[in-house]
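First comes the structure, then the notes that go with it.
Heads up: numbering here begins at 1 and tracks the sequence. Below, each value reflects all heavy atoms present in this structure, side chains not excepted, and no hydrogens, waters or symmetry copies.
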Amino acid sequence: MSNQIRVRFAPSPTGYLHIGNVRTALFNYLFTKKYNGAFILRIEDTDFDRVKREYEDSILEDLKWLGLKWDEGSDCGGNYAPYRQSERINTYKEYADKLLNEGRAYKCFCSGEELERKRKEAQSKKLPPRYDGKCRNLSGEEINRLEKQGAKPTIRFKVEDRLIEFEDIIRGKVGFKGSDIGDFVILRSDGIASYNFAAAIDDALMKITHVIRGEDHLSNTPRQILLNQAMGFDIPKFTHLSMILGPDKSRLSKRHGAESVTELKEEGYLSEAVINYLSLLGWSSEDGREIMPLTDIIKNFSLERVSKSPAVFDIKKLKWINNHYIKNKDIAELTELSIPFLVKAGVRTEAVNREWLYKVIDAIRGNIEILSEIDKYAGIFFDEIIKIEPENLEILKENTAVELLKLLKRMIEKEENITEVIADKIISDIKEKTNLKGKKLMMPIRIALTGKTEGPELKKIMSVLGKERITKRIDLAQKLIPSD
């Protein structure tokens, strides 16, 4: 086995990249980067009926967006190419023939209908569904006769009735009885290798030292160990990550907030926030920190601190972490990321001064958890006429609010430019002159300038709007208030 740690992430491009699969990719990446190992991206694309190139492209794009760069893969090659299983079919056939010749595998002519009937019978008797070995001892004459009749066999691996044990890095010692597994298919009748057969061969030939994957693959591990032993391969170290569940403890799905990386991107989550949050799904740092850049996560990561218990996907916590990264993101970068969401909100960003746009995003960023929420506040800065709802207009009709707006306008008109410092001073002076405070002071100003009762800090809003637009909005608000 290689001295260098080598791990692989092997998605099947039959759909978009699921959050659970991303967490698996991330933990592989963190583990190997901590020990200066190699991260291999292998594409398992032999499910020809469901595989689509657009899904493969999307998976690669999502991994790149997350910053999980691979050292070898289908797009960049490497010493153990090809990295796409559809290009390795001849290799699987060679090893299947080898096992046949050595008597470790045999041809099976059972039909799909027959196998399904037997599976249902086993289920009705509450027995594990396993092949009964009907074709295990067919004679050469019988095999020749069936093949001459046009029957296309599958190739099954012979499983001996013994205990298969391995040490899982997270779960400790795990054991399976060979009698519960039964002889399993390694090559289908169409010549395509089964998942376990292809994975075992690829892991061995690509010198994979550690297999880190979801617990739904736990039952595959004894099969792959048996295949490794039969083919004379080294056995990698196995680790099985617990499932990710929704808050209701059911399997993660779209109803829990998101299901794929594509959805998270479209909602306006930042890649570093997604990575930070996913690292906490089943793992925790010794120092208890939750907000960490990728470099710190790599430094602190260990498989020994990964929990056996299922992780719970909490969209609220993800949003909280995302808000942290939004508030601390370089404003130029954040603005570029925000532009597609502004465009979707109807803003012609190409006509907007970029420096002023920076100020808009800086004003908004403290009030949003995801970038798609920008449309809640975009109108404050880009709409020429602010709509004031009837219930908010009632607040402006109060005597104290009427006088407050008059005073605000006079103070604004005295200033040459409205900065955050000047805006703060104006509000402070109004407070002193009117003895108003809290909502009585702030709410009329906010409604007159934005039409809303909540949003970004007033000093930021006033600084971005500037003197002319502030006075114009005060005038429009006053016109809506009936005079005595």
Side-chain angles (χ1 to χ4, degrees), residues 65 265-273 322-388 392 405 408-430 442 444-480:
W65 178 73
K265 284 197 293 186
E266 290 175 349
E267 283 292 307
Y269 288 90
L270 303 189
S271 59
E272 52 265 54
N322 201 62
N323 175 250
H324 168 85
Y325 281 95
I326 285 175
K327 288 192 289 189
N328 291 277
K329 187 81 169 171
D330 174 79
I331 191 60
E333 290 182 37
L334 184 63
T335 301
E336 290 303 314
L337 294 171
S338 301
I339 284 175
F341 298 94
L342 287 169
V343 171
K344 193 174 181 180
V347 177
R348 292 180 60 246
T349 55
E350 72 280 1
V352 178
N353 176 275
R354 191 50 57 99
E355 292 298 323
W356 185 77
L357 195 56
Y358 290 166
K359 291 181 69 175
V360 170
I361 298 303
D362 187 53
I364 292 174
R365 69 158 111 190
N367 293 80
I368 59 173
E369 293 179 311
I370 50 179
L371 295 181
S372 58
E373 292 176 347
I374 279 176
D375 65 350
K376 293 181 183 178
Y377 304 107
I380 292 174
F381 305 100
F382 296 100
D383 291 351
E384 284 301 314
I385 298 176
I386 295 298
K387 182 180 179 181
I388 301 177
N392 293 336
L405 292 183
L408 174 62
K409 183 181 178 182
R410 289 198 299 270
M411 289 185 169
I412 292 293
E413 288 174 335
K414 290 178 183 179
E415 302 293 339
E416 187 173 339
N417 293 304
I418 306 299
T419 64
E420 288 187 29
V421 173
I422 291 172
D424 245 353
K425 186 177 185 307
I426 287 173
I427 292 171
S428 179
D429 288 346
I430 291 174
M442 306 299 279
I445 299 175
R446 183 176 292 280
I447 291 171
L449 299 187
T450 72
K452 301 177 182 295
T453 57
E454 57 182 26
E457 290 182 82
L458 271 176
K459 65 179 180 180
K460 290 183 179 291
I461 292 173
M462 292 169 71
S463 172
V464 175
L465 289 178
K467 178 178 178 177
E468 183 179 339
R469 296 180 78 190
I470 291 173
T471 53
K472 183 178 179 180
R473 290 189 181 188
I474 293 171
D475 288 341
L476 289 172
Q478 288 174 327
K479 286 178 182 179
L480 294 174

*Residues forming a side-chain hydrogen bond (donor to acceptor under 3.5 Å, both in side chains) with Glu333, sequence neighbours excluded*: Lys329
*Compare all side-chain heavy atoms of Val347 with those of Phe381 and state whether any distance is below 4.5 angstrom.*
no
*For Arg469, side-chain contact (heavy atoms from CB on, under 4.5 Å) partners two or more places apart*: Trp356, Glu384, Leu465, Arg473
*Supply the atom-to-atom distance Asp330 CG to Asn328 CG, rounded to the nearest 0.5 angstrom.*
11.0 Å
*Apply side-chain contact (heavy atoms from CB on, under 4.5 Å) to Lys344 and list each qualifying residue two or more places apart in sequence or on a separate chain.*
none
_Test: side chain to side chain donor-acceptor pair (under 3.5 Å). Region: residues 414-429. Which pairs qualify, not counting sequence neighbours?_
Lys425-Asp429
*asked:* Applying side-chain hydrogen bond (donor to acceptor under 3.5 Å, both in side chains), can you list everything that pairs with Lys359, at least two apart in sequence or on another chain?
replied: Ser463
Contacts under 3.5 angstrom, residues 454-462 side chains, donor-acceptor by atom type, not counting sequence neighbours:
none

*Look up atom CG in Asn392 and atom OG1 in Thr453, then write down how far apart they are to the nearest 0.5 Å.*
5.5 Å
_Closest approach of Ala477 to Ile388 (non-hydrogen atoms, all atoms of both residues)_ = CB-CD1, 4.3 Å
*Give, for atom CG of Leu342 and atom CD1 of Ile364, the distance between the pair rounded to the nearest 0.5 Å.*
6.5 Å
*Under the ring pair (Phe, Tyr, Trp, His ring centres under 6.0 Å) test, which residues partner Trp65, sequence neighbours left out?*
none
*To the nearest 0.5 Å, tell me how far Ile412 CD1 sits from Leu408 CG.*
5.0 Å
*Heavy atoms only: give me the nearest Ile418-Ala423 pair and the separation to one decimal.*
CG2-CB, 4.2 Å
_Quick check: closest heavy atoms across Asn322 and Leu270, and the distance to 0.1 Å?_
OD1-N, 2.8 Å
*Could you list the residues that satisfy side-chain contact (heavy atoms from CB on, under 4.5 Å) with Gln478, not counting sequence neighbours?*
Leu405, Lys406, Lys409, Ile474, Asp475
_Which residues share a side-chain contact (heavy atoms from CB on, under 4.5 Å) with Arg354, sequence neighbours left out_ = Thr335, Glu336, Ile339, Leu357, Tyr358
_Closest non-hydrogen atom pair, Gly379 against Ile386_ = O-CD1, 3.7 Å
*Mind checking salt bridge (charged side-chain N to carboxylate O under 4.0 Å, His left out) for Lys479 and listing every partner two or more places apart, or none if nothing turns up?*
none
*asked:* Once salt bridge (charged side-chain N to carboxylate O under 4.0 Å, His left out) is applied, do any residues pair with Glu350, and if so which ones, sequence neighbours excluded?
replied: Arg348
*asked:* Using 0.5 Å steps for rounding, measure from the CE atom of Met411 to the CD1 atom of Ile422.
replied: 13.0 Å
_Among Leu337, Ile374, Leu371, side chain to side chain contact (heavy atoms under 4.5 Å, CB included) partner for Ile361_ = Ile374
*Restricting to pairs with a member in residues 363-377, which pass salt bridge (Lys or Arg N to Asp or Glu O under 4.0 Å), not counting sequence neighbours?*
Asp362-Arg365
_If I take atom OG1 from residue Thr471 and atom CZ from residue Arg410, how far apart are they, to the nearest 0.5 angstrom?_
14.5 Å
